[in-house]
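Counting starts at 1 for both ligands and their atoms, in listed order.
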Amino acid sequence: MSYPTDVSRRHFLTYSTLGLLTAVGLPTRTWSGQILPTNQANPNFKPDVEIDLYAQEGTVSILPGAVTRMMQYSAILKTGPHNTLVHLPNSYLGPIIQLQKGQKVRIYFKNKLSEPSIVHWHGLHVPADMDGHPMRAINQGEVYVYEFEVLNRAGFHIYHPHPHEYLGRELYFGLAGGLLVSDQEEKKLGLPSGEYEIPIVIQDRRFDAHNQLVYGTTPHDRMLGTHGDHILINGRPHYELEVASRAYRLRIMNGSNARIYKLAWNDGTPMTVLGVDGGLLEKPETRPYLMLAPGERLDVWADFTGRTKGTELVMRSLSFRGALPKMAEEQMGRGERHGMGRRGMMMGGMGMMMGGGMALPIGSDYPLFTIRVTRETRDSPNLPAYLSRFRRYTINEAANRDNPIPIGISEGFMTMQLNGRPYAYHDVQPYERVPVNTIQVLDIFHAHNMGGGHGVNAGNTGMGSSMSSGMGMMGGMSGGGMMFSMAHPIHLHGQQFEIISRTVDSGETDGYATVKEGLVDSGLKDTVLIMPGEKVRILKPFDDFKGLFMYHCHNIEHEDMGMMREFMVM
Ligand code: C2O
Ligand code: CU
Ligand code: CU
């Protein structure tokens, strides 16, 4: 219980990045958010759990030497089971909020930051006004009251800020926490629990010489997302876990702004996955490695049975390709350098700007954390053969069976959008209006490939001229549109979806081969990694709640840049 409470009120944030970025030709910030009045507790809502949640500035000791100024969530349990809040030792992360399916939850969120914020419960199926929409952001000193019933099945979710254009910075400066839902189906399985169930929140950060966080200082930080050169697990560097020689359940979350990981054990032991974003799979699966993009979660069975005391095991991120535009990968010295000459000066310069100087190159091979066996035991549970049953969707149930909703990833130099449109409040397009209580089919694809043989019927999507002109501009700039193609974790708020197909352009299969065995598509997802040249078809229910629900890239700098849109469920 050494959760840091040392709160300094210094206003440590500077906005100098904005000036710098404008100087290199970034779009200026034009969104004028409408802030709605904050809500009140409903006297007729009888909560099983009541929590006060604060966002505030504070300091944490992370690296040796000076403390690091951060933003932090902290919480106090007012009503509910005593184990509802689990504080992570010496961490800037908010406490893990443990909920049970069916519980009624009221959370008083008080913003003590000197800037607007609002909390989103990533993965939870809650009403639109409980979902942390940017227009609900509250100012310093204000309170937002959340009330919802936990409708989700068991799963590991995230709470994080969602104010427009500040999300990246607030997340990077420390505002995030885990939200663990359990249910009866899961409890019956007897999976490792208590001290044998461990949260693993993976983040990366960059520090200056005074141990202060460095955020968004280069065009690279904005265009490719902000990547750090220190890996932090549960908020700590050089993370080590002491274990007994038995099975553990690792609840892994990628809480990084932009970094994608390829998780594997250093001794070649395969990874056994129990679940993904939306909860347990039907049965365990074994993979040589597992991909984990920002916003995604993995439920991993880690069995140290038979390992002798003193054994050390390292979870690494293995090398892979496709996370970054090709020129940036080349610049980092891992790709085919000979391509630079042919591509010419302009691309070389841009590659340098985008990929140059990265201390922990994206897609390289590096350690994440260490497991040390310190106790031998024989009391390990067995891996269940079957885990869960959940509702499967079929394309025939989709209300728009022959007319998929397009999510076109529009990527260009310093432009990251969806369907050629930036995020804007009250800009819902015809194809973004979804009837409530329907199942919809959606196609997520790289928009510059449209008309290039993907079979997406643009004619029936209701997309207007802005989409085609947006893509025309990119095509013109990029000479075919592939130049800026990179990986994007696309997240949809609300209920989890099912992935029904993936297709990859023939030109991108090499990079794809380095990640494909680690994509677990058999469970329910709320975030899906889309690799360059890839098209992914999903089926998603839009049940129970009307209103605005966001969908966006979970590379948070892309999201802040405008790679976000919203559905109006009606
Ligand atoms: Cu974790 Cu709108 O996202
Ligand atoms: Cu979300
Ligand atoms: Cu993106």
Side-chain angles (χ1 to χ4, degrees), residues 117-126 128 130-137 148 152 155-168 170-172 175-179 201 203 221-227 253-260 277-278 293-297 322-325 328 354 362 407-412 414-419 422-423 444-448 484-497 524-532 534 536 540 545 548-567:
S117 196
I118 192 71
V119 186
H120 167 55
W121 320 98
H122 177 136
L124 288 192
H125 176 43
V126 295
M130 299 297 151
D131 194 49
H133 192 282
M135 72 184 174
R136 305 279 174 182
F148 54 80
N152 287 60
F156 190 35
H157 306 295
I158 316 170
Y159 59 101
H160 65 68
H162 225 301
H164 191 48
E165 294 178 336
Y166 294 92
L167 165 46
E170 292 186 2
L171 176 67
Y172 190 85
L175 291 180
L179 199 154
V201 179
Q203 298 181 303
D221 286 343
R222 189 119 191 258
M223 162 121 191
L224 304 182
T226 298
H227 293 81
M253 169 201 300
N254 185 346
S256 312
N257 282 47
R259 187 176 287 272
I260 299 168
D277 310 346
E296 286 186 310
R297 287 86 75 203
L324 301 185
M354 288 167 44
I362 301 143
I407 301 183
I409 296 169
S410 315
E411 46 196 356
M414 295 297 166
T415 343
M416 292 290 169
Q417 302 178 340
L418 291 174
N419 292 331
Y423 179 66
I444 314 173
F445 55 97
H446 293 265
H448 53 67
F484 298 103
S485 207
M486 60 181 284
H488 301 269
I490 301 297
H491 168 56
L492 285 77
H493 285 211
Q495 283 161 295
Q496 274 81 19
F497 50 81
L524 295 175
K525 298 282 293 170
D526 54 52
T527 307
V528 55
L529 179 60
I530 314 289
M531 294 297 290
E534 196 175 30
V536 174
K540 175 175 159 62
F545 305 125
L548 294 172
F549 290 92
M550 330 285 303
Y551 62 103
H552 57 87
C553 185
H554 223 280
N555 177 316
I556 299 297
E557 282 65 48
H558 290 177
E559 179 273 345
D560 277 349
M561 208 192 282
M563 193 174 258
M564 171 158 84
R565 299 283 309 164
E566 58 198 10
F567 291 117

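Between H133 and H162, the gap from one ring centroid to the other reaches at least 6.0 Å.
Q496 and D277 share no donor-acceptor pair across their side chains, judged by distance under 3.5 Å alone. For the residue pair Y423 / E566, a side-chain donor-acceptor distance below 3.5 Å is found, with atom types taken as modelled. Between the side chains of H491 and E559, not a single donor N or O lies within less than 3.5 Å of an accepting N or O.
For the side chain to side chain contact (heavy atoms under 4.5 Å, CB included) test with H558, the passing option among M486, H552, M223, Q417 is M486; the others fail.
Restricting H488 to its N/O/S atoms, the shortest distance to the Cu ion (ligand 3) is reached by ND1.
The structure places CG of D560 at 9.0 Å from OG1 of T226, a figure rounded to the nearest 0.5 Å. Atom CE of M564 sits about 11.5 Å away from atom SG of C553, to the nearest 0.5 Å.
If you count the protein N, O or S atoms nearer to atom 1 (Cu) of ligand 1 than 2.8 Å, you get 3.
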task = Could you walk me through whether D526 and R297 pass the salt bridge (Lys or Arg N to Asp or Glu O under 4.0 Å) test, one step at a time?
result = CA-CA 9 Å; D526 54 52; R297 287 86 75 203; 2.7 Å; yes

query = Can you list the steps and then say if H488 with H446 is a side chain to side chain contact (heavy atoms under 4.5 Å, CB included)?
reply = CA-CA 10 Å; H488 301 269; H446 293 265; 4.0 Å; yes

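Aromatic ring orientation, H493 versus H120: parallel (interplanar angle below 30°, classes split at 30° and 60°).
Around the Cu ion (ligand 2), the protein N, O or S atoms closer than 2.8 Å are H120 NE2, H491 NE2, listed by chain and residue number.
Inclusion of H558 in the first shell of the Cu ion (ligand 3) is supported: an N, O or S atom falls under 2.8 Å.
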